[in-house]
There are 2 protein chains.
Amino acid sequence: MSQSYSDVSVQVIHSEPCVFRDIFVSVTNKWSVQIILLAIARGPIRFTELERSIPGISRRMLTVTLRQLERNGLIVRTVHPTVPPKVEYTASDVARELENAFEQLGAWVERHREFIAAAQETYDNERVEVAAS
Amino acid sequence: MSQSYSDVSVQVIHSEPCVFRDIFVSVTNKWSVQIILLAIARGPIRFTELERSIPGISRRMLTVTLRQLERNGLIVRTVHPTVPPKVEYTASDVARELENAFEQLGAWVERHREFIAAAQETYDNERVEVAAS
DNA sequence: CAGAATCCATCAGGATACTG
DNA sequence: CAGTATCCTGATGGATTCTG
């Protein structure tokens with residue numbers, strides 16, 4: 001059994017008044033991941049370009065998530081005092097370290113997308129049969 | 001620039017009617033991560049042990065999340081028809097592949113916890129100063 | 001023990017309008 | 001352009017009760 005690190009992870013995730021969990025969640029949530037990846041790949045990137053590049057995000061959530069990422073030191077916000085204003089967002093070095101983990105996760109999803117779809121179908125069909133009995 | 005994979009990730013995350021994003025989110029959310037890690041580390045694990053091992057989780061969310069993970073083929077549910085009932089949960093092979101990515105993420109959080117805390121403090125102090133001006 | 005079902009509060013988050 | 005402010009709704013998720 002891979003008793004080694006897993007146990008550490010499991011314990012670690014509960015240490016400190018859940019600061020760990022808060023950080024973890026704030027980084028892996030839907031919008032954060034996409035913003036970070038875009039800032040890494042196409043950074044410095046402007047507000048409007050982010051908005052256009054992330055299907056389904058509202059102006060409000062983009063702003064809120066950007067502020068949170070900025071507050072955590074993952075995104076650097078640069079204001080160019082021009083008219084009209086120009087603001088650019090860049091991934092910090094700390095944020096760039098996330099790329100690998102995100103890649104892994106992304107690859108995992110790709111690898112098993114079909115498996116998961118099939119599992120869902122099987123599960124749902126079983127439920128139907130049970131309900132029909 | 002690490003233009004290579006990032007761009008792929010960025011595009012991939014938007015392909016298919018967001019199935020990708022759905023799967024990604026369902027796997028990285030707060031409760032799923034902890035359940036998967038526990039199932040890997042201490043698998044086969046019972047309902048009540050999960051409940052006790054995950055601080056703050058409600059019975060409802062544990063049930064709901066377990067069902068979702070089971071539906072996606074990440075957790076295998078085994079019922080022992082005894083009295084009182086005994087149900088055990090195990091991580092599937094597909095789920096076990098997530099361990100690495102979760103480890104990386106966990107290590108990242110650990111590495112930068114202090115940096116993030118400091119960044120937050122700086123950010124908040126700046127906000128206070130601006131407000132006071 | 002391992003849930004299912006129900007009820008209810010909170011809040012994430014969308015839509016829209018306004019502004020420096 | 002890059003937001004902020006406001007309003008409002010649906011989903012999330014907690015607490016509790018009931019059962020095989």
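As a basis for the values below, the full set of heavy atoms in this structure was taken, side chains included, without hydrogen atoms, waters or symmetry mates. Lettering of chains follows the sequences in order, A, B, ..., and the numbering in each one begins at 1.
With hydrogens and angles ignored, the 3.5 Å screen pairs no side-chain donor or acceptor of B:Ser32 with any backbone N or O of B:Thr28. Checked by atom type and distance alone, the side chain of B:Ser92 pairs as donor or acceptor with a backbone atom of B:Gly73 at under 3.5 Å.
With rounding to the nearest 0.5 angstrom, the CZ atom of A:Phe47 is 14.0 Å from the CD atom of A:Glu88.
Distances shown here put every side-chain N or O of B:Arg60 at or beyond 4.0 Å from the OP1 or OP2 atom of C:dT6. Phosphate contact (OP1/OP2 of C:dG14, side-chain N/O of A:Arg59, threshold under 4.0 Å): absent. Residue B:Ser58 places none of its side-chain N or O atoms closer than 4.0 Å to OP1 or OP2 of D:dA15. OP1 or OP2 of D:dG3 sits under 4.0 Å from a side-chain N or O of A:Tyr89.
A straight line from CD1 of B:Ile57 to P of D:dA15 spans 12 Å, rounded to a whole angstrom. Taking atom CD of A:Glu51 as the reference point, atom P of C:dG13 lies 16 Å away to the nearest angstrom. Note: CD1 (B:Ile54) to P (D:dG13) measures 13 Å, nearest angstrom. Following rounding to the nearest Å, A:Leu50 (CG) and D:dG3 (C1') show an atom-to-atom distance of 13 Å. Remark: P of C:dT16 and CG of A:Leu62 are 17 Å apart, rounded to the nearest angstrom. In this structure, B:Lys30 atom NZ and C:dC11 atom P are separated by 12 Å, rounded to whole Å. In this structure, B:Asn29 atom CG and C:dA12 atom P are separated by 15 Å, rounded to whole Å. Rounded to whole Å, the distance from CD on A:Glu70 to C1' on D:dA2 is 13 Å.
In the set D:dG13, D:dG3, C:dG14, the nucleotide with an atom closest to the side chain of A:Trp31 is C:dG14. Closest to the side chain of B:Arg77, out of D:dG14, C:dA2, C:dG13, is C:dA2. With distances taken from any side-chain atom of B:Pro85 to the nucleotides C:dG20, D:dG20, C:dA4, the minimum falls on D:dG20. Between C:dG14, C:dA4, D:dC1, one nucleotide has an atom nearer to the side chain of B:Arg67 than all others, and that is C:dA4. Checking C:dA2, D:dG3, C:dA4 against every side-chain atom of B:Arg46, the shortest atom distance belongs to C:dA2.
Across all strands shown, A:Thr48 has heavy atoms under 4.0 Å from sugar-phosphate atoms exclusively, and none from any base.
The 12-atom threshold is not exceeded at CD of A:Glu121, counting heavy atoms of other residues, nucleotides or ligands nearer than 6.0 Å.
With hydrogens and angles left out, the side-chain atoms of A:Ser53 and A:Arg42 include a donor and acceptor closer than 3.5 Å.
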